[in-house]
There are 2 protein chains.
Amino acid sequence: MDVMPVSDLSHAAQNYLKLIWSATEWSPAPITVSVMAERLGVRPSTVSDGIKKLAGQGLVTHAPYGSIELTDAGRAHAVAMVRRHRLLETFLVDVLGYSWDEVHDEAEVLEHTVSDTLIDRMDRKLGHPVRDPHGDPIPGADGRPSMPKGTQLSAAAAGNTVAITRISDADPQMLRYFTELGLAPDTRLTVTEHRPYADVTTVRVHEPERDIDLGASASDAIWVVAV
Amino acid sequence: MDVMPVSDLSHAAQNYLKLIWSATEWSPAPITVSVMAERLGVRPSTVSDGIKKLAGQGLVTHAPYGSIELTDAGRAHAVAMVRRHRLLETFLVDVLGYSWDEVHDEAEVLEHTVSDTLIDRMDRKLGHPVRDPHGDPIPGADGRPSMPKGTQLSAAAAGNTVAITRISDADPQMLRYFTELGLAPDTRLTVTEHRPYADVTTVRVHEPERDIDLGASASDAIWVVAV
DNA sequence: CAAATTTGTTCGTTAAGCCTAACATTTAAG
DNA sequence: CTTAAATGTTAGGCTTAACGAACAAATTTG
Ligand SMILES: [Mn+2]
Ligand SMILES: [Mn+2]
Ligand SMILES: [Mn+2]
Ligand SMILES: [Mn+2]
C-alpha cells in the first residue's frame, strides 16, 4: 500500500487532516464535525461530506455519527502538514521579519503550495528548528512528532513557578496583547492566584517584576510547564 | 472603477493574464489561443472559454476569432503577477540557494498564494532587485514594467560583440546546459558566424576564451544587447 | 423516560475549470 | 478562386468543494 505524497491531496483534505491531528495535540478529546466546521469556516454538511471522503481514502476511520480518528496514513499526512505550517511560520519570523501574530494566516495558505524541496531548504537555512514562534514543536522530516508537554495556565496550581511553552496562535489580536505584556515562549512566571468567579488568573513576571491579570481566554491560550 | 486585487482572480485567470503579457514582452506579435493552450498544458477549448470570461470581466478585449489584447486593468494584474513571479525566483536563488533551473516551476505555483505583504518583505530583503536570475526585468511595486531591450542571439549580426541580457527560463535542462557552458546574464561574447542550413550559431566567449556552437533552440533562448 | 434540542448526515444544486466532440471561421495551398 | 488545413468556438459532461433544506441520530432537559 503506497502512501501518496501530501501534494496529491486537495487543500481541503490537507486542512482536515491537520486540524484533526492538532485537536488532540494538547488535549485528548477527539474533534467533532461541528468544531471542525467552525474552525474551517464551512458548514457542517461540508465537513461531513469531506470526512466521508477521507474515510474512503483510508485516511480516517469514521462511521456515521461516530468519532473521527486518523489512520496511520492519515496521521503521516497530518504531521507532514503541521511540519510545513510551523516551518513556514518560523521562516517568516526569522528570515523575513514577520511578527508572530502575522504568520499564521500566511502559513495556512502557503503550507499547501510549497514544495518538499522548499521546505527542506527553509529547514536547513533555519538550522532545523524544533519550535515555531508560538512555541509549538516542529515535527521532524522523518515524520516523528515531538510530543509536547504542558498544561493550560488556567489549570496551573497557584504558587507554582512555571515557564511558558506555547501560546495558541489562533487569535492574532491576543498575540499582540501578549507582546505588549512581554509574554512569549520561555517567559517564566509565578502563578499568584485564580479567582474563580471573576475568571481571572494573576501571575507575577520578572524583569521587570510585575503582576498581570489574565482573563479566561488568555489563560487558556497559554501553556506552561513546571521549571 | 475599482481595480480588484490580484488575489480576487482565479489562479487560471492570473496565469492567462501573465502569459498574455509575457508574450509581447520580447516580441510584438500578440498571442493566440492555441499557443496559450500549449504553454499552459490545457486544451484550446479551455483557453477559449477562459478568454471569454476574462473579456466579460473587462480584463482583455476579444471578439470571437479576433486577437487577444489586455485592457489597462488586465495589464495591471498581469504586471503584478510578473513581479510576483520574478521576485519569487530571485528570492529562491539568492536566499534559499536554489539554482536558476529549479525556480520557475516553484514560482509558477507560489505566485498565486503569497500575500502582498510577503512580496514586499522579499523585495526589501533582496534590496529591491531589478532583474531575476534569468535576466528578466522585475516590474516595480508601482506596477511600472521596466522595458527590456535586446534581440535573440540567433538574430544578432555576425561580428558583433554583445552581452547576454536574458535567457528564457522555459526549459530547465537547457539552463543546466548553459550553466555548464558558463553562459549567464551579463556574459559577454562575440558572434562569430551563423551557419544557416546547419542552424548553428558560433560565438566566442572570454575567460576562458572558447568557441561555442549553439543550435537554433539555444540561440533563440538567449537575448543579447550590443555593448 | 419522553420531549426538546443539538449534532450529524444525505441529497440536490451551483460555480469553476477542465475535457471531448462537433461545428464555425480563418488562413494557406493548389 | 476554390478547396483543404489549421485555428478557434460552442455545447454537453465530469469532478470538486462548497451550500441549504430535509432528515436522522444522539444528547440534554424537564
Ligand atoms: Mn491550510
Ligand atoms: Mn504556530
Ligand atoms: Mn520564470
Ligand atoms: Mn502560475
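Quick caveat: nothing in here was measured; it's all calculated off a predicted structure. In what follows, every chain begins at residue 1, and chains take the letters A, B, ... in the order their sequences are listed.
In this structure, CD in B/Glu193 is found 8.0 Å from CG in B/Asp213, a value given to the nearest 0.5 Å.
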Treat primed atoms plus P, OP1 and OP2 as sugar-phosphate and everything else as base, then score nucleotides 9-15 of chain D 5' to 3': B for base contact with protein heavy atoms under 4.0 Å, S for sugar-phosphate contact only, - for none. BB-----

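Look at CD on A/Gln14: it is 14 Å from C1' on D/dT16, rounded to the nearest Å. Counting to the nearest Å, the P atom of D/dA18 and the CE atom of A/Met36 are 11 Å from each other. Across the protein-nucleic acid pair, A/Ile31 atom CD1 and C/dG8 atom C1' stand 14 Å apart, rounded to whole Å. If you take CG of B/Asp8 and P of C/dA15, they are 18 Å apart, rounded to a whole angstrom. Put simply, CD on A/Glu38 is 16 Å from P on C/dT6, counting in whole angstrom units. In this entry the distance linking NZ of A/Lys53 with P of C/dT9 reads 16 Å, nearest Å. Atom P of nucleotide C/dT14 and atom CZ of A/Arg43 are separated by 18 Å, given to the nearest angstrom.
The nucleotide whose nearest atom lies closest to any side-chain atom of A/Ser10 is, among C/dA16, D/dA17, C/dC18, D/dA17.
Between B/Lys52 and B/Asp49 there is no salt bridge, since no side-chain N of the basic residue sits under 4.0 Å from a carboxylate O of the acidic one. Salt-bridge annotation for A/Arg166 and A/Glu25: absent, with no side-chain N of the basic residue lying under 4.0 Å from a carboxylate O of the acidic one.
Between the side chain of B/His77 and the backbone N or O of B/Gln14, no donor-acceptor pair lies under 3.5 Å. The backbone N or O of B/Leu88 sits nowhere less than 3.5 Å from a side-chain atom of B/Glu111 that would complete a donor-acceptor pair.
Taking only side-chain nitrogens and oxygens, A/Ser34 comes nearer than 4.0 Å to OP1 or OP2 of C/dG8.
Residue pairs that meet the ring pair (Phe, Tyr, Trp, His ring centres under 6.0 Å) test with at least one member in residues 11-57 of chain A, sequence neighbours left out, are A/His11-A/His112, A/Trp26-A/Trp223.
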